[in-house]
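What follows is a single structure, written as structure tokens, with notes after it.
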Amino acid sequence: MAELFTDQDYKNFKQLLEYFVSYLEFKEAIKSSSDNNKKVKELAKDVHYNEEDPRKRRLDDFVNKHGEEQLQRPGQGYKGGSIQEGIKDWCYYNANKIYITASPYSRNRSYLTNGSYLQWKDTLLNINIETNGKDKDKTITKLKITSNKKDLSEDNSCNSLEELGLFDGKDPNPTLKAFFDKYYSILDEHYLKLKDMLKNEIRNLLKANHNVILTGAPGTGKTYLSKQIANEFADKDESRIGFVQFLPHMTIQTLLKDYVL
């Protein structure tokens with residue numbers, strides 16, 4: 001798994017997690033503010049923590065990095081919410097995309113709930129938060145991977161912010177890399193299941209109709225999948241399989257004309 005990613009991928013993922021945690025805590029701290037059109041550093045003036053509070057360092061880090069920016073509005077990145085702009089530089093990994101959601105759906109309008117998460121595109125594979133404390137003392141302590149709302153923490157998919165090395169100013173540590181590798185491996189498993197489901201659906205269609213047309217963008221695996229299914233129907237006897245490539249309309253006309261002449 002590790003060979004799939006560069007050092008920069010892991011650095012991007014670390015920045016993504018740090019932004020996610022800081023954004024949620026910052027929104028929680030200013031949720032009573034009536035003016036969210038100010039810059040981050042202006043909104044931060046109304047947030048006060050004790051020096052011993054772990055949120056103090058995260059707040060300072062957030063202001064140092066994003067103080068001159070206008071705070072992104074909460075919402076759902078996968079629905080086109082502007083909140084996605086905040087992580088646009090760190091959301092792509094091997095052509096797969098992570099979205100951010102921050103929605104204070106709970107009764108007390110808290111951002112520190114299951115309504116806030118990171119999510120692989122078009123899946124229910126999330127990174128959720130765990131918290132300690134209540135009300136104004138509530139703070140994010142851990143990040144965990146969930147699949148279809150099932151907690152996977154028993155598979156070592158839950159780590160404290162300290163274990164992940166977040167906000168330490170250093171390069172990604174082995175724990176953070178393993179956390180990301182686990183998150184990506186679940187995405188791989190998800191796509192394998194989808195491919196198996198698609199393959200079964202195509203088999204059933206072929207048995208019922210004797211033909212299937214697959215459409216989609218180039219390079220998405222249509223030919224590969226077709227060959228796999230054909231091999232299964234032919235009991236792996238390649239002599240029973242034919243392959244025809246249809247050329248664009250004008251090219252076919254030219255070829256036919258040349259052939260006739």
The test is side chain to side chain contact (heavy atoms under 4.5 Å, CB included); show your working for Lys27 and Leu71 and say whether it passes. CA-CA 9 Å; Lys27 284 298 297 181; Leu71 188 65; 3.4 Å; yes

Leu143 vs Phe179, test: side chain to side chain contact (heavy atoms under 4.5 Å, CB included). Steps then yes/no. CA-CA 10 Å; Leu143 298 179; Phe179 187 77; 4.1 Å; yes

Starting from the C-alpha separation in whole Å, work towards a yes-or-no answer on side chain to side chain contact (heavy atoms under 4.5 Å, CB included) for Asn12 and Tyr93. CA-CA 9 Å; Asn12 287 348; Tyr93 302 91; 3.7 Å; yes

Please test Ile30 against Asp46 for side chain to side chain contact (heavy atoms under 4.5 Å, CB included), starting from the C-alpha separation and ending with a verdict. CA-CA 8 Å; Ile30 65 165; Asp46 296 326; 5.7 Å; no

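Closest of all the heavy-atom pairs between Thr131 and Lys138 is OG1-CE, 3.2 Å. Between Leu59 and Ala44, the closest heavy-atom pair is CD1-CB, 4.4 Å. Between Gly75 and Ser103, the shortest heavy-atom distance links the atoms O-OG, 4.1 Å. Contact detail for Gln72 and Ser82: the closest heavy-atom pair is OE1-O, 2.9 Å. Nearest heavy atoms, Ala102 versus Leu24: CB-CD2, 3.7 Å. For the pair Val47 and Leu43, the tightest heavy-atom approach, listed with the atom from each and the gap, is CG2-O, 4.0 Å.
With hydrogens and angles ignored, the 3.5 Å screen pairs a side-chain donor or acceptor of Asp9 with a backbone N or O of Thr6. A donor-acceptor distance shorter than 3.5 angstrom exists from the side chain of Ser116 to the backbone of Tyr111, with no hydrogens or angles considered. With hydrogens and angles disregarded, a donor-acceptor distance shorter than 3.5 Å links the side chain of Ser22 to the backbone of Glu18. Side-chain N or O atoms of Tyr23 include none that pairs as donor or acceptor with a backbone N or O of Phe62 at under 3.5 Å. In this structure a side-chain-to-backbone donor-acceptor pair under 3.5 Å is missing from Asn50 to Asp53. No donor-acceptor pair closer than 3.5 Å links the side chain of Ser147 to the backbone N or O of Lys150. Between the Asn209 side chain and the Asn211 main chain, no donor and acceptor come within less than 3.5 Å of each other. No side-chain donor-acceptor contact under 3.5 Å links Glu68 to the backbone of Lys39. The closest donor-acceptor contact from the side chain of Lys14 to the backbone of Gly165 lies under 3.5 Å. Between the side chain of Gln84 and the backbone N or O of Gly81, no donor-acceptor pair lies under 3.5 Å.
Comment: Asp168 does not engage Lys170 in a salt bridge, judged by the lack of any side-chain N to carboxylate O separation of less than 4.0 angstrom. The pair Lys56-Asp60 meets the salt-bridge criterion, since a charged nitrogen lies less than 4.0 angstrom from a carboxylate oxygen. Using a 4.0 Å cut-off between charged side-chain N and carboxylate O, Lys88 and Glu85 make a salt bridge. Ion pairing between Lys177 and Asp181 fails under the 4.0 Å rule for side-chain N and carboxylate O.
Counting heavy atoms of neighbouring residues, nucleotides and ligands inside a 6.0 Å radius, atom NZ of Lys144 exceeds 12 of them.
Side-chain atoms of Thr146 and Tyr117, non-hydrogen and from C-beta on, never get closer than 4.5 Å to each other. Side-chain contact between Leu124 and Lys149 is absent, with no heavy atoms from C-beta onward closer than 4.5 Å. Taking the side chain as every heavy atom from C-beta outward, Thr141 and Leu161 never approach each other to under 4.5 Å. Here the side chains of Tyr99 and Gln76 are not in contact, with every heavy-atom distance at 4.5 Å or above. Taking the side chain as every heavy atom from C-beta outward, Ile145 and Leu125 never approach each other to under 4.5 Å. Considering only heavy atoms from C-beta on, Asp171 stays 4.5 Å or farther from Asp7 through its side chain. Side-chain contact between Thr123 and Asn148 is absent, with no heavy-atom pair separated by less than 4.5 Å. Leu17 is listed as a side-chain neighbour of Leu118, based on a closest heavy-atom distance under 4.5 Å.
Each of Ile129 and Tyr78 belongs to its own hydrophobic cluster when Ile, Leu, Val, Met, Phe, Trp and Tyr are linked at side-chain heavy-atom distances under 4.5 angstrom. Both Leu187 and Leu4 belong to a single network of hydrophobic side chains, linked directly or stepwise wherever heavy atoms of I, L, V, M, F, W or Y lie under 4.5 Å apart.
Judged by distance alone, the side chains of Tyr19 and Asp89 never bring a donor and an acceptor atom under 3.5 Å apart. For the residue pair Ser110 / Glu28, a side-chain donor-acceptor distance below 3.5 Å is found, with atom types taken as modelled. Side-chain contact of Asn96 with Tyr184: a donor-acceptor pair under 3.5 Å is present, judged by distance alone. Side chain to side chain, Thr139 and Glu25 meet the donor-acceptor criterion of an N or O pair below 3.5 Å.
By the 30° and 60° cut-offs, the orientation of the rings of Tyr183 relative to Trp120 is parallel.
Interatomic distance, Glu42 CD to Gln70 CD, rounded to the nearest 0.5 Å: 9.5 Å.
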